Amino acid sequence: MDYVKNNAWYGGEEIANMPENNLPTDMLEFVNGGTRLKVHATGDMAKYFRDADVTFLKEQLVYLYEFGGIGRPPQVTVSMMNLSQANVNFSGVNEKLRSVQVGFRLLEDNETLEVTVFDYEPTDFLYNTYKDLAAWSGEGEFPMEMHMIRYHFTKVK
């Protein structure tokens, strides 16, 4: 969140409602052999995630922009998954449901799932940034790719 806030084009109200208010009890549960996602959340991530069918798309390299520095930021491989529905507006007020692509990777501790959200159309935060980037993005591109949001989930035993 710090990286996204620090690199938001407009600042101020653009970053006032970032989806960072989540609870330790918020959980993503994969059922039916990982082909179905059940969302147990009341924090801000509940504004985006919905119960959905999960389909593997491909392995993809993504940049970890938040670990910048001199030269290119590091890259990692994520499993790109299609979720049959999410609220791409990432809002508790505005809802636009559609299928999305989300990146998943298991960190080295084998206990932490990193979830990368870059397929979203925000209305409560980064709205002007999204509007400007969407105007320049081509078909199949994710306007918010450089403003991706990452969540870490710890495995529940």
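Note that the structure is predicted; figures quoted are calculated from it, not measured. Along the sequence shown, residues are numbered consecutively beginning with 1.
A salt bridge between Arg105 and Glu114 is present, with a side-chain N of the basic residue lying under 4.0 Å from a carboxylate O of the acidic one. Salt bridge Asp53/Arg36: present, at least one basic N to carboxylate O contact under 4.0 Å. Electrostatic pairing of Glu121 and Lys131 does not count as a salt bridge here, judged by no charged N lying under 4.0 Å from a carboxylate O.
One distance of note links CZ of Phe142 with OH of Tyr120; it measures 12.5 Å at 0.5 Å rounding. Atoms NZ and CG, on Lys155 and Leu107 in that order, are 13.5 Å from each other to the nearest 0.5 Å. Between the NZ atom of Lys96 and the OG atom of Ser91 there is a distance of 13.0 Å, given to the nearest 0.5 Å. Distance CG/Asp2 to NZ/Lys5: 6.0 Å, rounded to 0.5 Å.
Counting heavy atoms from C-beta outward, Met146 and Met148 have side chains that stay 4.5 Å or more apart. Between Val62 and Arg150 there is a side-chain heavy-atom pair separated by less than 4.5 Å. Looking at Tyr151 and Thr116, their side chains never come closer than 4.5 Å, going by heavy atoms from C-beta outward. Glu108 is not listed as a side-chain neighbour of Asn110, based on a closest heavy-atom distance of 4.5 Å or more. Asp51 places none of its side-chain heavy atoms less than 4.5 Å from the side chain of Leu37. In this structure the side chain of Met27 never reaches within 4.5 angstrom of the side chain of Thr25, judged on heavy atoms. In this structure, His152 and Thr154 have side chains that are not in contact, with every pair of non-hydrogen atoms separated by 4.5 Å or more. Looking at Glu13 and Phe125, their side chains never come closer than 4.5 Å, going by heavy atoms from C-beta outward.
When the side chains of ILVMFWY residues are joined at heavy-atom separations under 4.5 Å, either directly or via intervening members, Met1 and Tyr48 end up in a single hydrophobic cluster. The same ILVMFWY cluster, assembled from side-chain heavy atoms under 4.5 Å apart, contains both Phe56 and Val76. At a threshold of 4.5 Å between side-chain heavy atoms, the hydrophobic network of Ile, Leu, Val, Met, Phe, Trp and Tyr places Leu57 and Met81 in one connected group. Placement of Val115 and Leu23 in two distinct hydrophobic clusters is found when ILVMFWY residues are connected by side-chain heavy-atom separations under 4.5 Å, directly or transitively. Val117 and Tyr127 fall into different hydrophobic clusters, defined by Ile, Leu, Val, Met, Phe, Trp and Tyr side-chain heavy atoms under 4.5 Å apart, directly or through other members.
Summarising the local packing, CD of Gln60 is surrounded by more than 12 heavy atoms from other residues, nucleotides or ligands at distances under 6.0 Å.
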Begin from the C-alpha positions of Ser79 and Glu59 and carry the test side-chain hydrogen bond (donor to acceptor under 3.5 Å, both in side chains) through to its verdict.
CA-CA 5 Å; Ser79 296; Glu59 297 291 321; 2.9 Å; yes
side-chain hydrogen bond (donor to acceptor under 3.5 Å, both in side chains) assessment of Glu14 paired with Thr129
CA-CA 8 Å; Glu14 281 277 288; Thr129 301; 2.8 Å; yes
Test Thr35 against Val54 for side chain to side chain contact (heavy atoms under 4.5 Å, CB included), laying out the working first.
CA-CA 5 Å; Thr35 63; Val54 180; 5.5 Å; no
Please test Glu29 against Val156 for side chain to side chain contact (heavy atoms under 4.5 Å, CB included), starting from the C-alpha separation and ending with a verdict.
CA-CA 9 Å; Glu29 178 183 13; Val156 176; over 6 Å; no
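The heavy-atom pair separating Pro73 from Tyr63 by the smallest distance is O-CD2, 3.3 Å. Here the shortest heavy-atom pairing between Glu111 and Leu106 reads N-CD1, 4.3 Å. When all heavy atoms of Leu133 and Met144 are compared, the pair lying nearest together is CD1-SD, 4.1 Å. Residue Val100 comes nearest to Ala86 through the heavy atom pair CG2-CB, 3.7 Å, listed as atom of the first residue, atom of the second, then distance. The two residues Asp119 and Val88 have their closest heavy-atom pair at O-CG1, 4.1 Å. Annotation for Pro19 and Phe90: closest pair CB-CE2, 3.3 Å, computed over non-hydrogen atoms.
No side-chain donor-acceptor contact under 3.5 Å links Asn82 to the backbone of Thr55. Proximity of a side-chain donor or acceptor of Asn22 to a complementary backbone N or O of Met45 within less than 3.5 Å is detected. A donor-acceptor pair is defined here as one N or O able to donate and one able to accept, closer than 3.5 Å; such a pair exists between the side chain of Asn87 and the backbone of Asn89. A donor-acceptor pair under 3.5 Å links the side-chain atoms of Asp26 to the main chain of Gly43, judged by distance alone.
In summary, the aromatic rings of Phe104 and Phe30 are positioned with their centroids under 6.0 Å apart.
Thr123 and Asn94 are linked by a side-chain donor-acceptor pair at a separation below 3.5 angstrom, with hydrogens and angles left out of the test. Between the side chains of Thr112 and Asp109, at least one donor-acceptor pair of N or O atoms lies under 3.5 Å.
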